[in-house]
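Okay, structure first, notes after.
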Amino acid sequence: MDKSELEKRFIGMIQQNERVIYKVCSIYASDEEPLSDLYQDVVCNLWTAYPKFRDECSISTWIYRVALNTCISGLRKKKRSPQSSDLSQLQDAFIQPDDLTDEIKEMYRLIHQLKNLERAIILLYLEEKSYQEIADITGLSVSNIGVKLKRIKEKLIKMSNF
């Protein structure tokens, strides 16, 4: 496959899965790591890895895995080398969908307080991924996913009561 064809297929894949990438990035975005930076990092990592994609899993599973790993590893790097800058004005630059109810906004606020792996698991669960797909993406066992999801749900319920 020539470079032009590879680029066309990659762009098509990104366009078809844009919502998935955006959703993962939005869960991990913060003042220190803006959504646009995370999105760009994910797309760059997908481009780098795309020629090596071997169809051993679905394209969406692979995209989730790359996106989650990119976002989580980006957070780890930021924790190791903190930099201070005031980026709070950027939060207003991102348009929030108007159809989000207050309950959904509150749920996402609570999810944002979870640990990185917990966020990833609950995000995939909310995307209606099967336990097997979540296990494939995160590298955990299916039974471990079941246990973690139960604990995450309990944690979210407990957090919402305060």
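Computed from a predicted structure; not experimentally measured.
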Could you tell me which residues satisfy salt bridge (charged side-chain N to carboxylate O under 4.0 Å, His left out) with [X], sequence neighbours excluded, listed by chain and number?
X	result
Lys23	Glu127
Lys52	none
Glu103	none
Arg109	Glu106

Subject >> Atom NZ of Lys8 with >12 non-hydrogen neighbours under 6.0 angstrom >> reply: no

Original post:
Heavy-atom count around Tyr125 OH within 6.0 Å, excluding the residue itself: above 12?
Top reply: no

List the residues meeting side chain to side chain donor-acceptor pair (under 3.5 Å) with [X], not counting sequence neighbours, and say none if there are none.
X	value
Glu128	none
Ser141	Ser143
Gln132	Asp136
Lys155	Glu118

**OP:** Give every residue pair that meets the salt bridge (charged side-chain N to carboxylate O under 4.0 Å, His left out) criterion with at least one member in residues 139-151, sequence neighbours excluded.
**Re:** Lys150-Glu154

Original post:
Which atom pair, heavy atoms only, marks the closest approach of Ala120 to Leu68?
Top reply: CB-CD2, 3.5 Å

Original post:
Of all heavy-atom pairs between Gly146 and Tyr131, which one has the smallest distance, and what is that distance?
Top reply: CA-CE2, 3.5 Å

Original post:
Is there a donor-acceptor pair closer than 3.5 Å between any side-chain N or O of Asp37 and the backbone N or O of Glu33?
Top reply: no

Distance-only check: which donor-acceptor pairs under 3.5 Å involve side-chain atoms of residues 39-49, not counting sequence neighbours?
residue : atom : partner : partner atom : Å
Asn45   : ND2  : Thr70   : OG1          : 2.9
Thr48   : OG1  : Cys44   : O            : 3.0

**OP:** Give a yes-or-no answer on whether the side chains of Lys129 and Tyr64 include a donor-acceptor pair shorter than 3.5 Å.
**Re:** no

